[in-house]
Amino acid sequence: MDQPKPEIRVLDGAGVERLVAWARDEGWNPGLADAAAFQTADPEGFLGCFLGAELVAGISAIAYGEGFGFIGLYICRPEHRGRGYGKLVWDAGMARLGARTIGLDGVPAQQANYARMGFVADYDTLRWSGRPAHPQPGANIVTVTPELVPQILAYDRPHFPAERDDFLRAWLAQPRHARAVLRNGNVYGYAVVRECHEGFKIGPLFADGLQDAKALLAACAAASGGGTLHIDVPVGQEAFAEHLWALGFSEGFATKRMYRGPAPRLAMGGIYGTTTLELG
């Protein structure tokens, strides 16, 4: 019987769930409830390469408005590698994002390949993992309620390359835990922690200063019930990294944020933890 011709299709909710499950198989440790929230960022932004009814490769190519996009969840099933299916879905994702500035988080083994495709390194990120003992959130830490969401959306914008309100409204909601620094009715930072297949991931963690970042970290640790925490920290946050080290966190794998097109101008001093390696 002839092999079906590969076809690129937009993934539905079940397809996105399958792609996130593949990420678990790859050891990327996604959150237990990531797929539905991911899809709110761009419902048409998850693409698959199919052989008939079989999904053999996938990618997220999220369009955040007209100026910025992000590539992630780029996976081809092991039994189908070396046949060009990954390249087909990559090309489809890049074509979808077009002339936008495109970001991705590249692992060391792939950074040279991305560079050949026009991506330029911007900054390095290091994953830290640990389990703080007896975390005590500060007095200015509050649970994010619906009334605070508009402030959170506004606070987020200098720290991310584009508006992402639909995604954040989903990301701030249960089963994830969202905490904010609130003083005199104003937000000075926020963080989200979510349960993953192994431990919990914090992301994002944005704050006006180191003390607020430490307080948010403690709040996330308390919300996780003492589980192991993982957070992807830009390497420029040296004082925060020293704090993590003092708490017993250890360094894990590194990635490099890369962009094709003009790199966005972000409030990097306030970025203590990136949101996700899948969506930026």
Side-chain angles (χ1 to χ4, degrees), residues 1-64 69-97 102-107 109-110 113-114 127 164 166-176 192-204 230 232 253 255 274-280:
M1 181 181 295
D2 291 337
Q3 178 119 327
K5 182 179 179 181
E7 181 182 355
I8 302 297
R9 304 176 200 159
V10 174
L11 296 180
D12 60 12
V16 177
E17 290 276 7
R18 191 174 308 122
L19 188 57
V20 172
W22 289 0
R24 179 188 181 185
D25 295 343
E26 294 291 321
W28 297 355
N29 193 30
L32 299 183
D34 279 359
F38 281 0
Q39 205 168 13
T40 63
D42 180 359
E44 304 295 312
F46 296 84
L47 306 178
C49 180
F50 288 82
L51 295 179
E54 182 185 7
L55 178 64
V56 298
I59 199 168
S60 57
I62 305 303
Y64 292 103
F70 200 87
I71 291 285
L73 288 172
Y74 178 37
I75 307 171
C76 184
R77 292 300 284 166
E79 63 271 24
H80 292 289
R81 289 174 185 168
R83 304 177 189 176
Y85 303 138
K87 179 66 161 52
L88 286 174
V89 80
W90 170 271
D91 288 346
M94 293 296 288
R96 181 174 193 272
L97 296 179
I102 302 173
L104 57 78
D105 288 307
V107 298
Q110 294 298 324
N113 290 334
Y114 295 138
R127 176 160 295 176
R164 52 175 179 169
D166 289 344
F167 166 72
L168 280 183
R169 288 189 181 96
W171 200 242
L172 294 166
Q174 295 181 347
R176 288 159 293 278
V192 176
V193 61
R194 71 197 197 277
E195 187 174 4
C196 297
H197 292 278
E198 189 279 305
F200 295 76
K201 284 183 181 177
I202 299 173
H230 310 280
D232 297 303
F253 70 90
T255 55
T274 59
T275 306
T276 76
L277 299 185
E278 296 85 6
L279 267 67

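Just so it is clear, the values below take in all heavy atoms, side chains as well, and ignore hydrogens, waters and symmetry mates.
Shortest non-hydrogen contact noted between I71 and A61 is CD1-CB, 3.9 Å. Shown here for G52 and P4, the closest heavy-atom pair between the two residues is N-CB, 3.6 Å. Scanning both residues, T255 and V107, for their nearest heavy atoms gives CG2-CG1, 4.2 Å. Scanning all heavy atoms of the two residues, the minimum distance from I8 to A92 falls at CG2-CB, 3.7 Å. Here the closest heavy-atom approach between residue A41 and residue L279 is recorded as CB-CD2, 3.7 Å. Among all heavy-atom pairs drawn from T40 and A170, the shortest one is OG1-CB, 3.6 Å.
Under the 3.5 Å distance criterion, the side-chain polar atoms of K201 are left unmatched by any main-chain donor or acceptor of T276. The backbone N or O of T274 lies less than 3.5 Å from no partner atom in the side chain of D232, so there is not a single donor-acceptor pair. W171 places a side-chain N or O within 3.5 Å of a backbone atom of G203 that can act as its donor or acceptor partner.
For the pair R96/D42, a side-chain contact is recorded, criterion being any heavy-atom separation below 4.5 Å from C-beta on. A heavy-atom distance below 4.5 Å is found between the side chains of R164 and T275. You'll find the side chain of L32 reaches within 4.5 Å of the side chain of H197, heavy atoms only. The side-chain heavy atoms of L55 and Y85, taken from C-beta on, include no pair separated by under 4.5 Å.
With a 6.0 Å radius and a threshold of 12 heavy atoms from other residues, nucleotides or ligands, Q174 has its CD atom at or below the threshold.
In this structure, CG on L88 lies 12.0 Å from CG on L47, to the nearest 0.5 angstrom. The CG atom of L51 lies 12.0 Å from the NZ atom of K5; values are rounded to the nearest 0.5 Å. We find the CZ-CZ distance between R127 and F253 to be 3.5 Å, quoted to the nearest 0.5 Å. Rounding to the nearest 0.5 Å gives a distance of 11.0 Å between CZ of F46 and CD1 of I59. Atom CZ of F70 is separated from atom CG of L277 by 7.5 Å, given to the nearest 0.5 angstrom. Once rounded to the nearest 0.5 Å, the distance linking CH2 of W28 with CG of L73 reads 6.5 Å.
Taking Y114 as the reference, W90 meet the ring pair (Phe, Tyr, Trp, His ring centres under 6.0 Å) condition, with sequence neighbours excluded.
Listed by first then second residue, pairs satisfying side-chain hydrogen bond (donor to acceptor under 3.5 Å, both in side chains) with a partner in residues 43-63 read E54-H80, not counting sequence neighbours. Judged as a salt bridge (Lys or Arg N to Asp or Glu O under 4.0 Å), the pairs with a partner in residues 19-36 (not counting sequence neighbours) are, in order, D25-R77, E26-R81, D34-R194.
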